[in-house]
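Sequence positions, counted from 1, serve as the residue numbers for this chain. Just so it is clear, the values below take in all heavy atoms, side chains as well, and ignore hydrogens, waters and symmetry mates.
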Amino acid sequence: MNSLKNRVFLTLLDFTPEEIDGLLRLAASLKQKKKAGESHRLCEGKQLALIFEKTSTRTRCAFEVAARDLGMGVTYLDPSGSQIGKKESIADTARVLSGMFDAIEYRGYGQEIVEELAKYASVPVFNGLTDEFHPTQILADFLTLREIFGALKGLNFVYMGDARFNMGNSLMVGCAKMGLNFTACSPAGYFPNAALVSRCEKIAAETGATLRFCEDPDEAVRGAQAIYTDIWVSMGEPDSVWEERIKALSPYQVTKELMAKASKDAVFMHCLPAYHDKKTAIGKEKCEKFGRDSMEVSNEVFEGPQSVVFQEAENRMHTIKAVMAAILGGAQA
Ligand code: CP
Ligand code: NVA
(Lines give C-alpha, C1' and ligand atoms only; values in the text may rest on other atoms or scores of the structure.)
(Ligands and ions follow the chains in the order given, each with its own letter.)
Protein backbone atom coordinates (compact mmCIF):
# COMPACT_ATOMS: atom_id res chain seq x y z
CA MET A 1 0.00 0.00 0.00
CA ASN A 2 1.13 3.62 -0.59
CA SER A 3 1.91 5.49 2.58
CA LEU A 4 -1.28 7.04 3.93
CA LYS A 5 0.67 9.41 6.18
CA ASN A 6 -1.22 12.67 6.79
CA ARG A 7 -4.17 11.78 4.49
CA VAL A 8 -7.71 12.78 5.45
CA PHE A 9 -10.27 9.97 5.92
CA LEU A 10 -13.65 11.37 4.83
CA THR A 11 -15.07 8.73 2.46
CA LEU A 12 -13.82 5.47 0.91
CA LEU A 13 -14.30 7.12 -2.50
CA ASP A 14 -10.91 8.79 -1.87
CA PHE A 15 -9.05 5.47 -1.37
CA THR A 16 -7.91 2.86 -3.88
CA PRO A 17 -8.80 -0.83 -3.46
CA GLU A 18 -5.12 -1.47 -2.63
CA GLU A 19 -5.18 1.17 0.11
CA ILE A 20 -8.41 -0.24 1.60
CA ASP A 21 -6.93 -3.75 1.44
CA GLY A 22 -3.79 -2.44 3.18
CA LEU A 23 -5.87 -0.91 5.97
CA LEU A 24 -7.73 -4.22 6.45
CA ARG A 25 -4.45 -6.15 6.60
CA LEU A 26 -3.02 -3.65 9.08
CA ALA A 27 -6.20 -3.94 11.19
CA ALA A 28 -5.90 -7.74 11.23
CA SER A 29 -2.28 -7.53 12.36
CA LEU A 30 -3.06 -4.94 15.07
CA LYS A 31 -5.94 -7.15 16.25
CA GLN A 32 -3.51 -10.07 16.61
CA LYS A 33 -1.07 -7.88 18.54
CA LYS A 34 -3.83 -6.69 20.88
CA LYS A 35 -4.99 -10.27 21.53
CA ALA A 36 -1.39 -11.37 22.18
CA GLY A 37 -0.86 -8.47 24.59
CA GLU A 38 1.97 -7.05 22.41
CA SER A 39 2.54 -3.32 22.72
CA HIS A 40 1.82 -1.31 19.54
CA ARG A 41 2.26 2.32 20.56
CA LEU A 42 2.74 3.55 17.00
CA CYS A 43 1.51 7.12 17.64
CA GLU A 44 3.20 7.76 20.98
CA GLY A 45 2.59 11.24 22.40
CA LYS A 46 0.09 12.37 19.72
CA GLN A 47 -3.20 14.01 20.66
CA LEU A 48 -6.67 13.34 19.17
CA ALA A 49 -9.78 15.58 19.35
CA LEU A 50 -13.15 13.84 19.08
CA ILE A 51 -16.07 16.04 18.01
CA PHE A 52 -19.45 14.33 18.38
CA GLU A 53 -22.46 16.41 17.32
CA LYS A 54 -24.51 13.18 17.40
CA THR A 55 -24.43 10.49 20.09
CA SER A 56 -22.32 7.31 19.91
CA THR A 57 -21.26 4.19 21.79
CA ARG A 58 -19.11 2.19 19.33
CA THR A 59 -17.41 4.95 17.36
CA ARG A 60 -16.44 7.01 20.38
CA CYS A 61 -15.19 3.98 22.36
CA ALA A 62 -13.36 2.62 19.30
CA PHE A 63 -11.51 5.91 18.74
CA GLU A 64 -10.71 6.31 22.45
CA VAL A 65 -9.46 2.77 23.08
CA ALA A 66 -7.56 2.63 19.78
CA ALA A 67 -5.92 5.99 20.50
CA ARG A 68 -4.82 4.86 23.98
CA ASP A 69 -3.46 1.56 22.65
CA LEU A 70 -1.43 3.58 20.12
CA GLY A 71 -0.01 5.77 22.90
CA MET A 72 -2.15 8.84 22.18
CA GLY A 73 -4.07 11.26 24.36
CA VAL A 74 -7.78 11.93 23.65
CA THR A 75 -10.17 14.86 24.27
CA TYR A 76 -13.92 14.31 23.79
CA LEU A 77 -16.17 17.22 22.79
CA ASP A 78 -19.80 16.19 23.30
CA PRO A 79 -22.87 17.41 21.36
CA SER A 80 -23.53 20.24 23.82
CA GLY A 81 -20.28 20.99 25.62
CA SER A 82 -18.35 23.07 23.07
CA GLN A 83 -18.74 26.32 21.10
CA ILE A 84 -18.94 24.49 17.74
CA GLY A 85 -21.74 25.66 15.48
CA LYS A 86 -23.26 27.94 18.13
CA LYS A 87 -20.57 30.53 18.84
CA GLU A 88 -17.77 29.33 16.59
CA SER A 89 -17.75 28.29 12.94
CA ILE A 90 -16.36 24.99 11.67
CA ALA A 91 -13.55 26.88 9.89
CA ASP A 92 -12.49 28.63 13.11
CA THR A 93 -12.81 25.41 15.15
CA ALA A 94 -10.61 23.61 12.63
CA ARG A 95 -7.85 26.18 13.02
CA VAL A 96 -8.09 26.29 16.83
CA LEU A 97 -7.96 22.50 17.21
CA SER A 98 -5.13 22.17 14.64
CA GLY A 99 -2.96 24.22 16.99
CA MET A 100 -3.40 21.74 19.83
CA PHE A 101 -4.08 18.32 18.30
CA ASP A 102 -2.47 15.97 15.77
CA ALA A 103 -5.82 14.78 14.37
CA ILE A 104 -9.54 15.53 14.59
CA GLU A 105 -12.44 13.07 14.40
CA TYR A 106 -15.86 14.48 13.49
CA ARG A 107 -19.35 12.94 13.76
CA GLY A 108 -22.27 15.06 12.70
CA TYR A 109 -24.69 16.02 9.98
CA GLY A 110 -23.86 16.90 6.35
CA GLN A 111 -20.74 15.56 4.65
CA GLU A 112 -19.97 19.17 3.64
CA ILE A 113 -19.32 19.96 7.32
CA VAL A 114 -16.56 17.35 7.73
CA GLU A 115 -15.17 18.48 4.36
CA GLU A 116 -15.12 22.10 5.55
CA LEU A 117 -13.37 20.98 8.74
CA ALA A 118 -10.72 19.14 6.70
CA LYS A 119 -10.28 22.14 4.38
CA TYR A 120 -9.41 24.49 7.23
CA ALA A 121 -7.59 22.02 9.50
CA SER A 122 -3.84 21.57 9.11
CA VAL A 123 -4.00 18.07 10.66
CA PRO A 124 -5.74 14.89 9.37
CA VAL A 125 -9.53 14.69 9.86
CA PHE A 126 -11.44 11.40 10.27
CA ASN A 127 -15.15 11.03 9.43
CA GLY A 128 -16.89 9.30 12.36
CA LEU A 129 -20.30 9.38 10.53
CA THR A 130 -22.20 11.97 8.54
CA ASP A 131 -25.66 11.77 7.00
CA GLU A 132 -24.04 10.64 3.72
CA PHE A 133 -21.15 8.37 4.75
CA HIS A 134 -19.82 6.16 7.57
CA PRO A 135 -16.48 4.95 6.18
CA THR A 136 -14.90 3.54 9.37
CA GLN A 137 -17.95 1.27 9.80
CA ILE A 138 -17.37 -0.27 6.36
CA LEU A 139 -13.78 -1.18 7.26
CA ALA A 140 -15.07 -3.05 10.33
CA ASP A 141 -17.74 -4.81 8.27
CA PHE A 142 -15.22 -5.85 5.63
CA LEU A 143 -12.68 -7.08 8.20
CA THR A 144 -15.50 -9.21 9.64
CA LEU A 145 -16.39 -10.60 6.20
CA ARG A 146 -12.73 -11.41 5.52
CA GLU A 147 -12.44 -13.23 8.84
CA ILE A 148 -15.50 -15.33 7.99
CA PHE A 149 -15.17 -15.93 4.23
CA GLY A 150 -11.41 -15.46 3.73
CA ALA A 151 -11.82 -12.95 0.87
CA LEU A 152 -14.12 -10.13 -0.21
CA LYS A 153 -14.04 -10.35 -4.00
CA GLY A 154 -17.12 -11.98 -5.49
CA LEU A 155 -19.12 -12.16 -2.23
CA ASN A 156 -22.87 -11.68 -2.66
CA PHE A 157 -23.78 -8.80 -0.36
CA VAL A 158 -27.34 -7.54 0.16
CA TYR A 159 -28.29 -4.33 1.96
CA MET A 160 -31.97 -4.32 3.03
CA GLY A 161 -33.96 -1.21 3.91
CA ASP A 162 -33.36 2.52 3.50
CA ALA A 163 -30.41 2.61 1.09
CA ARG A 164 -30.39 6.41 0.71
CA PHE A 165 -28.53 7.25 3.91
CA ASN A 166 -24.98 6.80 5.28
CA MET A 167 -24.95 2.99 5.53
CA GLY A 168 -26.53 2.21 2.15
CA ASN A 169 -24.27 4.75 0.42
CA SER A 170 -21.05 3.67 2.13
CA LEU A 171 -21.65 -0.06 1.71
CA MET A 172 -22.30 0.48 -2.02
CA VAL A 173 -19.03 2.43 -2.32
CA GLY A 174 -17.10 -0.19 -0.32
CA CYS A 175 -18.53 -3.10 -2.32
CA ALA A 176 -17.76 -1.34 -5.62
CA LYS A 177 -14.18 -0.66 -4.52
CA MET A 178 -13.50 -4.18 -3.24
CA GLY A 179 -15.22 -6.21 -6.00
CA LEU A 180 -18.29 -7.55 -4.16
CA ASN A 181 -21.67 -8.18 -5.78
CA PHE A 182 -23.80 -5.49 -4.13
CA THR A 183 -27.59 -5.49 -4.04
CA ALA A 184 -29.63 -2.68 -2.50
CA CYS A 185 -33.05 -4.10 -1.69
CA SER A 186 -35.50 -1.28 -0.99
CA PRO A 187 -38.88 0.08 -2.02
CA ALA A 188 -38.92 2.59 -4.90
CA GLY A 189 -37.63 5.95 -3.74
CA TYR A 190 -35.30 4.45 -1.10
CA PHE A 191 -32.29 3.73 -3.36
CA PRO A 192 -29.01 5.72 -3.31
CA ASN A 193 -28.97 8.88 -5.42
CA ALA A 194 -28.24 8.61 -9.15
CA ALA A 195 -24.96 10.58 -9.03
CA LEU A 196 -23.43 8.24 -6.43
CA VAL A 197 -24.74 5.16 -8.26
CA SER A 198 -23.14 6.31 -11.48
CA ARG A 199 -19.81 6.98 -9.70
CA CYS A 200 -19.93 3.51 -8.16
CA GLU A 201 -20.82 1.89 -11.50
CA LYS A 202 -17.62 3.33 -12.98
CA ILE A 203 -15.58 1.98 -10.04
CA ALA A 204 -17.32 -1.42 -10.32
CA ALA A 205 -16.44 -1.64 -14.02
CA GLU A 206 -12.76 -1.56 -13.00
CA THR A 207 -12.89 -3.85 -9.97
CA GLY A 208 -15.29 -6.54 -11.24
CA ALA A 209 -17.97 -5.61 -8.67
CA THR A 210 -21.63 -5.69 -9.69
CA LEU A 211 -24.39 -3.36 -8.47
CA ARG A 212 -28.05 -4.32 -8.45
CA PHE A 213 -31.15 -2.42 -7.25
CA CYS A 214 -34.03 -4.70 -6.42
CA GLU A 215 -37.46 -4.14 -4.85
CA ASP A 216 -38.24 -7.81 -4.16
CA PRO A 217 -36.66 -9.20 -0.94
CA ASP A 218 -37.02 -12.88 -1.95
CA GLU A 219 -35.26 -12.29 -5.25
CA ALA A 220 -32.58 -10.10 -3.63
CA VAL A 221 -31.46 -12.64 -1.03
CA ARG A 222 -31.22 -15.65 -3.36
CA GLY A 223 -27.54 -16.70 -3.14
CA ALA A 224 -26.73 -13.91 -0.65
CA GLN A 225 -23.81 -14.55 1.70
CA ALA A 226 -24.22 -11.37 3.75
CA ILE A 227 -27.53 -9.70 4.59
CA TYR A 228 -27.08 -6.27 6.14
CA THR A 229 -29.61 -3.85 7.55
CA ASP A 230 -29.71 -0.59 9.53
CA ILE A 231 -32.29 1.27 11.60
CA TRP A 232 -35.17 2.75 9.61
CA VAL A 233 -34.95 6.22 11.17
CA SER A 234 -31.43 7.61 11.48
CA MET A 235 -29.98 10.11 13.95
CA GLY A 236 -31.02 13.65 13.12
CA GLU A 237 -34.24 12.64 11.31
CA PRO A 238 -37.56 13.91 12.69
CA ASP A 239 -39.77 11.66 14.81
CA SER A 240 -42.59 12.24 12.31
CA VAL A 241 -40.98 9.95 9.69
CA TRP A 242 -41.45 6.75 11.75
CA GLU A 243 -44.93 6.03 10.43
CA GLU A 244 -44.05 6.31 6.71
CA ARG A 245 -40.81 4.34 7.25
CA ILE A 246 -42.56 1.46 8.99
CA LYS A 247 -45.14 1.35 6.24
CA ALA A 248 -42.57 1.41 3.45
CA LEU A 249 -39.87 -0.78 5.02
CA SER A 250 -41.83 -3.49 6.90
CA PRO A 251 -41.64 -5.89 3.93
CA TYR A 252 -37.84 -5.48 4.11
CA GLN A 253 -37.46 -6.58 7.73
CA VAL A 254 -34.80 -9.29 8.09
CA THR A 255 -36.63 -12.35 9.44
CA LYS A 256 -35.77 -16.03 9.89
CA GLU A 257 -37.89 -16.79 6.80
CA LEU A 258 -35.87 -14.34 4.71
CA MET A 259 -32.52 -15.67 6.02
CA ALA A 260 -33.67 -19.19 5.05
CA LYS A 261 -33.92 -18.06 1.40
CA ALA A 262 -30.27 -16.91 1.32
CA SER A 263 -27.15 -19.02 0.89
CA LYS A 264 -26.66 -21.67 3.61
CA ASP A 265 -23.47 -19.94 4.82
CA ALA A 266 -25.13 -16.47 4.94
CA VAL A 267 -24.38 -14.12 7.84
CA PHE A 268 -26.56 -11.37 9.28
CA MET A 269 -24.88 -7.97 9.71
CA HIS A 270 -25.88 -4.64 11.28
CA CYS A 271 -23.85 -1.55 12.18
CA LEU A 272 -25.83 -1.22 15.45
CA PRO A 273 -27.60 0.08 17.45
CA ALA A 274 -30.58 -2.10 16.39
CA TYR A 275 -34.28 -2.12 17.24
CA HIS A 276 -34.58 -5.92 17.55
CA ASP A 277 -36.75 -5.98 20.70
CA LYS A 278 -38.54 -3.71 23.16
CA LYS A 279 -35.64 -3.38 25.60
CA THR A 280 -34.79 0.24 24.74
CA ALA A 281 -36.86 3.35 25.45
CA ILE A 282 -37.38 4.23 21.77
CA GLY A 283 -37.74 0.61 20.68
CA LYS A 284 -40.46 0.03 23.29
CA GLU A 285 -42.31 3.24 22.52
CA LYS A 286 -42.30 2.73 18.73
CA CYS A 287 -43.05 -1.01 18.88
CA GLU A 288 -46.04 -0.38 21.16
CA LYS A 289 -47.30 2.56 19.10
CA PHE A 290 -47.12 0.62 15.82
CA GLY A 291 -48.05 -2.84 17.21
CA ARG A 292 -44.74 -4.62 16.49
CA ASP A 293 -42.16 -6.72 18.38
CA SER A 294 -39.14 -5.38 16.49
CA MET A 295 -38.26 -3.13 13.57
CA GLU A 296 -35.56 -3.74 10.92
CA VAL A 297 -34.57 -7.22 12.20
CA SER A 298 -36.43 -9.83 14.23
CA ASN A 299 -34.98 -10.71 17.62
CA GLU A 300 -34.64 -14.33 16.46
CA VAL A 301 -32.25 -13.34 13.65
CA PHE A 302 -30.37 -10.78 15.76
CA GLU A 303 -29.72 -13.36 18.49
CA GLY A 304 -29.46 -16.31 16.09
CA PRO A 305 -26.43 -18.33 14.94
CA GLN A 306 -25.99 -16.39 11.68
CA SER A 307 -25.64 -13.02 13.42
CA VAL A 308 -22.12 -11.54 13.45
CA VAL A 309 -23.07 -8.12 14.82
CA PHE A 310 -20.83 -8.19 17.89
CA GLN A 311 -17.81 -9.31 15.85
CA GLU A 312 -18.45 -6.23 13.65
CA ALA A 313 -18.70 -4.04 16.74
CA GLU A 314 -15.34 -5.25 18.10
CA ASN A 315 -13.77 -4.76 14.69
CA ARG A 316 -14.70 -1.05 14.79
CA MET A 317 -11.81 -0.63 17.25
CA HIS A 318 -9.22 -2.63 15.32
CA THR A 319 -10.02 -0.92 12.00
CA ILE A 320 -10.14 2.62 13.43
CA LYS A 321 -6.79 1.84 15.04
CA ALA A 322 -5.42 0.86 11.62
CA VAL A 323 -6.65 4.14 10.10
CA MET A 324 -4.90 6.16 12.80
CA ALA A 325 -1.74 4.02 12.79
CA ALA A 326 -1.42 4.44 8.99
CA ILE A 327 -2.33 8.15 8.81
CA LEU A 328 -0.63 9.42 11.97
CA GLY A 329 2.04 6.78 12.55
CA GLY A 330 2.87 5.92 8.92
CA ALA A 331 2.34 2.19 9.67
CA GLN A 332 2.17 -0.22 6.72
CA ALA A 333 0.35 -3.54 6.68
N1 CP B 1 -22.23 1.76 14.45
C2 CP B 1 -22.01 2.95 15.09
O3 CP B 1 -21.51 3.92 14.50
O4 CP B 1 -22.39 2.95 16.38
P5 CP B 1 -22.41 4.21 17.37
O6 CP B 1 -23.51 5.12 16.89
O7 CP B 1 -22.65 3.64 18.73
O8 CP B 1 -21.08 4.92 17.27
N1 NVA C 1 -27.98 5.19 9.80
C2 NVA C 1 -27.62 5.23 11.20
C3 NVA C 1 -26.29 4.62 11.41
C4 NVA C 1 -25.85 4.51 12.85
C5 NVA C 1 -24.50 3.90 13.01
C6 NVA C 1 -27.66 6.66 11.69
O7 NVA C 1 -27.14 7.54 10.99
O8 NVA C 1 -28.23 6.91 12.77
If you compare all heavy atoms of [X] against all heavy atoms of [Y], which two are closest, and at what distance to 0.1 Å?
X	Y	answer
Ile231	Pro273	CG2-O, 3.3 Å
Ser39	Lys33	O-CD, 4.5 Å
Leu42	Ala325	CD1-CB, 3.9 Å
Lys177	Leu12	CE-O, 3.3 Å
Lys153	Thr207	NZ-O, 2.6 Å

Discussion item. My understanding is that only residues two or more places apart in sequence, or in another chain, count here; which of them pass side-chain hydrogen bond (donor to acceptor under 3.5 Å, both in side chains) with Thr229?
Written reply: none
Worksheet item: Does Gln306 reach the side chain of Asp265, with side-chain heavy atoms less than 4.5 Å apart?
Response: no
Flag for [Y]-[X]: side-chain donor and acceptor within less than 3.5 Å:
X	Y	value
Tyr106	Asn127	no
Thr210	Asn181	yes
Gln111	Thr130	yes
Arg292	Ser250	yes
Thr93	Gln83	no
Thr144	Asn315	yes

Single-linkage hydrophobic cluster [X]~[Y], side-chain heavy atoms < 4.5 angstrom:
X	Y	value
Phe149	Phe157	yes
Leu23	Leu70	yes
Leu129	Leu139	no
Val125	Leu77	yes
Leu10	Tyr109	yes

Worksheet item: Just how far is it from atom CD of Gln137 to atom CG of Asp230, taken to the nearest 0.5 Å?
Response: 8.5 Å
Worksheet item: Quick one: CD1 on Ile20 to CG on Asp14, what's the gap to the nearest 0.5 Å?
Response: 10.0 Å
Item to complete: Give a yes or no on whether the ring-centroid distance for Phe9 and Phe15 is below 6.0 angstrom.
Response: yes
Item to complete: Apply salt bridge (charged side-chain N to carboxylate O under 4.0 Å, His left out) to Glu206 and list each qualifying residue two or more places apart in sequence or on a separate chain.
Response: none
Worksheet item: Which residues satisfy the salt bridge (charged side-chain N to carboxylate O under 4.0 Å, His left out) test with Glu314, sequence neighbours excluded?
Response: Lys35
Is [X] atom [atom1] crowded by more than 12 heavy atoms from other residues, nucleotides or ligands, each under 6.0 Å away?
X	atom1	value
Lys86	NZ	yes
Ile282	CD1	no
Glu147	CD	yes
Tyr120	OH	no
Lys284	NZ	no

Practice prompt. Given side-chain contact (heavy atoms from CB on, under 4.5 Å), test Glu105 with Met324 step by step and report yes or no.
Written response: CA-CA 10 Å; Glu105 178 276 353; Met324 292 198 290; over 6 Å; no
Worksheet item: Checking side-chain contact (heavy atoms from CB on, under 4.5 Å) for the pair Ile227/Val221: CA distance, chi angles, key distance, verdict?
Response: CA-CA 7 Å; Ile227 298 182; Val221 302; 3.7 Å; yes
Worksheet entry | Cationic N near anionic O, under 4.0 Å, Asp239 to Lys286 | yes
Practice prompt. In sequence, state the C-alpha distance, the side-chain angles, and the governing distance for Arg316 and Thr136, and then conclude on side-chain contact (heavy atoms from CB on, under 4.5 Å).
Written response: CA-CA 7 Å; Arg316 296 298 309 286; Thr136 61; 3.0 Å; yes
Show the atom names and distances, to 0.1 Å, of all donor-acceptor pairs under 3.5 Å that link a side chain in residues 190-201 to residues at least two apart or in another chain.
{"unit_1": "Asn193", "atom_1": "OD1", "unit_2": "Ala195", "atom_2": "N", "d": "3.1"}
{"unit_1": "Asn193", "atom_1": "OD1", "unit_2": "Leu196", "atom_2": "N", "d": "2.9"}

Response to the item:
Sorted by chain and residue number, the ring-ring contact (aromatic ring centres under 6.0 Å, His included) partners of Tyr159 (sequence neighbours excluded) come out as none
Worksheet entry | Lys NZ or Arg CZ of Arg245 over Phe290 ring: under 6.0 Å, within 45° | no
Item to complete: Using the ring of Phe52 (Phe, Tyr or Trp, six-membered ring only), decide whether Arg60 places NZ or CZ under 6.0 Å from its centre and within 45 degrees of its axis.
Response: no
Discussion item. Can you pull out every ring-ring contact (aromatic ring centres under 6.0 Å, His included) where at least one residue sits in residues 247-285? Sequence neighbours excluded, please.
Written reply: Trp242-Tyr275, His276-Phe302
